[in-house]
Amino acid sequence: MAMNIFHRLCCRSSWWERTSATRIVPWALDGLDLGGSALEIGPGYGANVRPLLDRAGSLTGVEIDPDLATRLRGRHGSVMTVVDGDGTDMPFPSAQFDSVVCFTMLHHVPTPAQQDALFADALRVLRPGGVFAGSDGLDSRLFRLMHVGDTCVPVPPEHAADRLTRIGFTDVDIETGTTSFRFRARRPA
């Protein structure tokens, strides 16, 4: 999924890693138990690795960009498993993870149909009762400006609950903040 140079510099910065660790992940996962095995779809530069390891027994990341997957293995390969793959068709058996998470990456999935395919595959790899959670940015002029030259297909939060429910998730909860929204949903037990 294409990212412009400004976006790449921002996402690999220590500022973004701190922001993610202290604001994004805590808000998105507040009160949630990730269980023993968590999967992050689209970990990118790895900004969420440390806060996720504090919440889960083991962490796996599936990354579509081979260069980012290689970078992740070099930086975090001793503490997480990094798998090259597409979140819409993940190379994992069904019901493998207690939780699946993704942060600020859904808008990089090129179409709503592919976003729905990602949701469906997240449901497939979750164990019964497992949680799917994360966050993404809200569409705005500033958001679009940051993404000039990027793949940028924002997920409207007002439609997210219906889309997740249609896929088969239950207990869907969407909360909108100032610049982003968080989502939580469960695979039926």
Side-chain angles (χ1 to χ4, degrees), residues 17 19-64 68-69 72-73 75-109 114-137 155 157 160-177 180-189:
E17 197 162 325
T19 298
S20 190
T22 61
R23 294 177 54 207
I24 296 170
V25 172
W27 176 63
L29 301 182
D30 184 44
L32 290 180
D33 179 3
L34 297 184
S37 62
L39 168 66
E40 182 179 15
I41 300 173
Y45 289 94
N48 306 315
V49 170
R50 297 290 171 206
L52 290 175
L53 285 170
D54 290 342
R55 294 171 171 268
S58 69
L59 179 62
T60 300
V62 61
E63 177 55 54
I64 195 168
L68 290 179
L72 278 167
R73 278 187 206 92
R75 288 188 69 211
H76 301 291
S78 64
V79 295
M80 73 180 290
T81 302
V82 179
V83 176
D84 290 81
D86 184 335
T88 66
D89 186 23
M90 294 182 277
F92 305 114
S94 297
Q96 181 171 341
F97 298 99
D98 295 312
S99 58
V100 176
V101 297
C102 59
F103 302 94
T104 64
M105 58 71 65
L106 290 172
H107 60 275
H108 287 293
V109 178
Q114 287 175 296
Q115 292 167 349
D116 288 347
L118 184 146
F119 300 155
D121 219 36
L123 180 70
R124 181 187 66 78
V125 301
L126 274 172
R127 291 186 179 121
V131 65
F132 178 45
S135 66
D136 206 31
V155 175
D162 287 340
R163 290 172 68 184
L164 291 167
T165 300
R166 215 171 326 126
I167 297 296
F169 284 102
T170 61
D171 302 323
V172 177
D173 179 55
I174 309 295
E175 183 177 327
T176 302
S180 60
F181 74 97
R182 73 179 185 185
F183 61 92
R184 295 131 179 264
R186 289 207 177 271
R187 178 177 172 170

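We use all heavy atoms of the structure for the numbers below, so side chains are in, but hydrogens, waters and symmetry mates are not. Nothing fancy with the numbering, it's 1 onward along the sequence.
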Run the side chain to side chain donor-acceptor pair (under 3.5 Å) test against R73 and tell me which residues pass, sequence neighbours left out. D84
For the atom pair CG (L39) and CD (Q96), what is the distance rounded to the nearest 0.5 Å? 8.0 Å
Apply side chain to side chain contact (heavy atoms under 4.5 Å, CB included) to residues V49 and R75 and explain how you reach the verdict. CA-CA 10 Å; V49 170; R75 288 188 69 211; over 6 Å; no
Residue pairs passing the side-chain hydrogen bond (donor to acceptor under 3.5 Å, both in side chains) test where at least one lies in residues 31-41, sequence neighbours excluded: S37-D98, S37-R127, E40-N48
Could you tell me which residues satisfy side-chain contact (heavy atoms from CB on, under 4.5 Å) with S180, sequence neighbours excluded, listed by chain and number? W27
Looking at residues at least two apart in the chain, or sitting in another chain, which of them share a side-chain contact (heavy atoms from CB on, under 4.5 Å) with R23? T19
Would you please classify the geometry between the F119 ring and the F183 ring as parallel, tilted or perpendicular, with 30° and 60° separating the classes? tilted
Between Q114 and T88 (side chain of the first, backbone of the second, donor and acceptor by atom type, cut-off under 3.5 Å), is there such a pair? no
Mind checking what makes ring pair (Phe, Tyr, Trp, His ring centres under 6.0 Å) contact with F103, not counting sequence neighbours? none
Once salt bridge (Lys or Arg N to Asp or Glu O under 4.0 Å) is applied, do any residues pair with R124, and if so which ones, sequence neighbours excluded? D121
Could you walk me through whether L123 and F132 satisfy the side chain to side chain contact (heavy atoms under 4.5 Å, CB included) test, starting with their C-alpha distance in whole Å, then the side-chain angles of each, then the deciding distance to 0.1 Å, before giving a yes or no? CA-CA 8 Å; L123 180 70; F132 178 45; over 6 Å; no
Quick one: closest heavy-atom pair of P128 and A95, and the distance? CD-CB, 4.4 Å
Which distance, rounded to the nearest 0.5 Å, do you find between the CG of D86 and the CD1 of I64? 4.0 Å
Which residues pass the side-chain contact (heavy atoms from CB on, under 4.5 Å) test with A161, sequence neighbours left out? V172, I174
Over all atoms of both residues, closest heavy-atom pair of G46 and L72: CA-CD2, 3.5 Å
Measure across A133 and L29 and return the closest heavy-atom pair with its distance rounded to 0.1 Å. CB-CD2, 3.8 Å
Going from CG on D116 to CG on L164, what distance comes out if it is rounded to the nearest 0.5 angstrom? 8.0 Å
For I41 and A122 the tightest heavy-atom approach is CD1-CB, 4.3 Å
Nearest heavy-atom pair of Q115 and L106: which atoms, and what distance? NE2-O, 3.2 Å
Mind checking what makes salt bridge (Lys or Arg N to Asp or Glu O under 4.0 Å) contact with R166, not counting sequence neighbours? none
Please, which pairs that meet side-chain hydrogen bond (donor to acceptor under 3.5 Å, both in side chains) have at least one residue in residues 168-177, sequence neighbours excluded? E175-R182
With D162, which residues qualify under side chain to side chain donor-acceptor pair (under 3.5 Å), at least two apart? none
When rounded to the nearest 0.5 Å, the distance separating CG of D136 from CD1 of I24 is 10.0 Å
Which side-chain N or O atoms in residues 76-83 pair as donor and acceptor under 3.5 Å with protein atoms at least two apart or in another chain?
none

Test log, rule side chain to side chain contact (heavy atoms under 4.5 Å, CB included), inputs V25 and R50: CA-CA 10 Å; V25 172; R50 297 290 171 206; over 6 Å; no
Salt bridge (Lys or Arg N to Asp or Glu O under 4.0 Å) partners for R55, two or more places apart: none
Nearest heavy-atom pair of A38 and S99: which atoms, and what distance? CB-OG, 3.3 Å
Quick one: pull up SG in C102 and NE2 in H108 and give me the separation to the nearest 0.5 Å. 12.0 Å
Verdict with reasoning, F92 to V100, per side chain to side chain contact (heavy atoms under 4.5 Å, CB included): CA-CA 12 Å; F92 305 114; V100 176; over 6 Å; no
